[in-house]
Amino acid sequence: MISENPRVRFAPSPTGYLHVGGLRTALYNYLFAKRNNGAFILRIEDTDRTRLVEGAVKNLITTLKWAGLDFDEGPGKDGGFGPYVQSERLALYKRYADELVQQKKAYYCFCTSDRIKQLRDEQQKTGLQSKYDKHCLHLTENEIRDTLKNNEPYVIRLNVQPNELINIEDIIRGEVTFNSNVVDDQILLKSDGYPTYHLANVVDDHLMKITHVIRGEEWLSSTPKHILLYNYFGWEIPKFAHLPLLLNPDKSKLSKRQGDVAVEDYRAKGYLKDALVNFVAMLGWSAGDDREFYYLDELCSSFSLERVNKSGAVFNIEKLQAMNFAHLQKKTDGELLNLLKEEVAVSSFNDHLLSDEKLLLIIQSMKERINFVKEIILNASYFFIAPQTYDQDAVKKRWTAESAGLLQKFAETIRGVENPSKEDFENALHQVAEIAGVKNGAIIHPLRLAVSGVSGGPGLYDIIFILGKEETLGRINIALEKIII
RNA sequence: GGCGCGUUCGUCUAGUGGCUUAGGACGCCGCCCUCUCAAGGCGGAGACCACCGGUUCGAAUCCGGUACGCGCUACCA
């Protein structure tokens, strides 16, 4: 079954950010490695120079690390199989491509892109499959030598034999069969000297002793090319597992056009890494029971490729958000304190220093009312600064002719209390209400409005206790001046 | 067009021939709780298991076909 120490790799191309689909691919590779005592390798596939983005590799590594997916081998962490960046392995690909040419399993091609385009147009017009016509396969050795000597640009193509059945044993999908007639004479080495994905990934997977290729379903169709390559080189074929795609709400392949796809975007929005990882793990995998809440280490011990689904999964943000809430509730107050301090530091309240003790009280009162830590600042700014405005709808609904008088009475009552506790505030309010002959709500609602500016939020006594007596008195005064009905 | 893959509530899924009047989660609706907003508790609507045919005493589960969706079809990965 699973070899002693499997080696798997996540092989993104550095195009700028980590796609959430990529995160899931990386995660499944990581989980598989951890579950089976194997190695998780990061390899950078930067063979397309036109799509290179500055700083992308660094960003990729940072984001992977943020998610908790530490690699065992990769850029900056050699395990004896480096380098792990394909652009640093060019000589290797050239050598293996040449080897194939020697054996007539690949050949030089000098066709111009114009000719290829023309060929393709014609084939399309006649309803044929677009495929290279092996035109250059029939060049004589002399012709090839002369053209090469003239420094004509060339590519090296795979020489696919017609009418062979190519079988793929896929761990997730079972046996998949292709006829070699539908496999194009794929370009292996581009005219700029860089390999295409197909050559590079086969050479590297072999050299890096990759045992299991776990990648997205979009690669299934080109797997026959890879099988052919392994066979031509006489190399052992790794096990394949093609993961179902992550989908947009309209079921097309998850793309930028329909929302955020970068892990960095979700991170910036305040999603917890635990939640994102948990959510993405459940998109296409389940342990076979009803459990949905997992931490990364728990996923490590229960994951198996055999239980990965075959069909694509819609990336449902609402569920992600619910997952984030669930993970948030499980965090200790201490963990939340650290997260809150980070948010405060980058907010407009960064010079508004509240004690840890006070922040902790704020966290406890707000925890179950938020989906993101930053919402404490966004939705409960009144803990940091007195309300600048008062919600007009709430004023209309809660502020009556008697409100001002009641708040004044309440203020008078608490003014004399030394270091009032939450209960002291509550008792004071009850007392005022009783004397005035009104319901508690007649004071509670306007008071909440006066100190917070809004109608929702934590229990009133929690709010004013956190604010403290002086601040509460001050805010009542301001409100009495500002709220006019 | 060709090739490949897929198809269980709106979404993520459980289900591997009888335990299923198809279970859970998110979302939605209602009730309870309640100083508000949440959270929580309880309940509800929501899937003729894409369709048709076959195998079988019995099928969401096995087989075949059809439809639909998606992916690939680049000197992109």
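In the text below, chain A, chain B and the rest are named by the order of the sequence lines, each starting its count at 1. Excluded from the calculations below are hydrogen atoms, water molecules and symmetry mates; all remaining heavy atoms, backbone and side chain alike, are included. Nothing here was measured: the structure is a model prediction, and the numbers come from that model.
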Using purine N1 to pyrimidine N3 plus N6-O4 or O6-N4 for Watson-Crick, or N1-O2 and O6-N3 for G-U wobble, each under 3.5 Å, what pairs with [N]?
N      : result
B:rG43 : B:rC29
B:rU56 : none
B:rU36 : none
B:rC9  : none
B:rG2  : B:rC72
B:rG17 : none
B:rA50 : B:rU66

Heavy atoms under 4.0 Å, any strand shown: does [X] hit a base, just sugar-phosphate, or nothing?
X        : value
A:Thr177 : sugar-phosphate
A:Phe325 : sugar-phosphate
A:Leu245 : sugar-phosphate
A:Phe315 : nothing
A:Gly284 : sugar-phosphate
A:Ser130 : sugar-phosphate
A:Pro458 : base
A:Arg291 : nothing
A:Val314 : sugar-phosphate
A:Gly288 : sugar-phosphate
A:Leu220 : sugar-phosphate
A:Thr50  : nothing
A:Asn440 : nothing

Give the nucleotide from the list [options] with an atom nearest to the side chain of [X].
X        : options                : result
A:Thr196 : B:rG6, B:rC12, B:rC76  : B:rC76
A:Tyr461 : B:rG4, B:rC35, B:rG23  : B:rC35
A:Val182 : B:rG71, B:rC3, B:rU16  : B:rC3
A:Ser191 : B:rC75, B:rC5, B:rU13  : B:rC75
A:Glu218 : B:rC72, B:rC5, B:rA38  : B:rC72
A:Arg51  : B:rC76, B:rC3, B:rU13  : B:rC76
A:Glu368 : B:rA39, B:rG71, B:rC75 : B:rA39
A:Val176 : B:rC76, B:rC5, B:rU36  : B:rC5

Does the side chain of [X] get closer than 4.0 angstrom to OP1 or OP2 of [N] through an N or O atom?
X        : N      : answer
A:Asn309 : B:rA14 : yes
A:Ser222 : B:rC72 : no
A:Arg120 : B:rA74 : yes
A:Thr47  : B:rC76 : no
A:Lys190 : B:rA77 : yes
A:Lys367 : B:rA38 : no
A:Lys131 : B:rC3  : no
A:Arg307 : B:rG15 : yes
A:Lys253 : B:rC72 : yes

Looking at [X] versus [Y], is the centre-to-centre ring distance below 6.0 Å?
X        : Y        : result
A:Tyr461 : A:Phe425 : no
A:Phe240 : A:Trp219 : no
A:Tyr271 : A:Phe372 : yes

Compare every heavy atom of A:Val183 with every heavy atom of A:Lys225, then report the nearest pair and how far apart it is. CG-CG1, 3.6 Å
If the plane angle is over 60° it's perpendicular, under 30° parallel, otherwise tilted; pick one for A:Phe303 and A:Tyr28. tilted
Any idea how A:Phe293 and A:Tyr295 line up, ring-wise: parallel (<30°), tilted (30 to 60°), or perpendicular (>60°)? perpendicular
[M] and [N], which share atom name [atom1], separated by this distance in whole Å:
N      : M      : atom1 : value
B:rG23 : B:rG44 : P     : 11 Å
B:rC26 : B:rU66 : C1'   : 34 Å
B:rA47 : B:rG10 : C1'   : 11 Å
B:rC35 : B:rA25 : P     : 29 Å
B:rG30 : B:rU21 : P     : 32 Å
B:rG46 : B:rA14 : P     : 23 Å
B:rA60 : B:rG2  : C1'   : 32 Å
B:rC48 : B:rU8  : P     : 11 Å

Examine the base of [N] for any acceptor or donor lying under 3.5 Å from a partner atom in the side chain of [X], and report the outcome as yes or no.
X        : N      : value
A:Arg173 : B:rC5  : no
A:Glu292 : B:rG24 : yes
A:Lys319 : B:rA25 : yes

Is it true that A:Glu217 and A:Arg173 make a salt bridge, defined as a side-chain N closer than 4.0 Å to a carboxylate O? yes
What residue among A:Thr196, A:Asp204, A:Thr47, A:Asp98 forms side chain to side chain donor-acceptor pair (under 3.5 Å) with A:Tyr93? A:Asp204
To the nearest Å, give me how far apart [atom1] ([X]) and [atom2] ([N]) are.
X        : N      : atom1 : atom2 : result
A:Asp170 : B:rG71 : CG    : C1'   : 14 Å
A:Lys310 : B:rU16 : NZ    : P     : 14 Å
A:Ile166 : B:rG4  : CD1   : P     : 12 Å

Name the residue closer to the 5' end of RNA chain B, choosing between A:Gln129 and A:Arg157 according to the nucleotide with the nearest heavy atom. A:Gln129
Of A:Cys111 and A:Gly312, the one whose closest nucleotide on RNA chain B sits nearer the 5' end is A:Gly312
How long is the gap from OH on A:Tyr132 to CZ on A:Arg120, to the nearest 0.5 Å? 12.0 Å
Counting C-beta onward and ignoring hydrogens, is there a side-chain heavy-atom pair between A:Lys330 and A:Glu335 closer than 4.5 Å? no
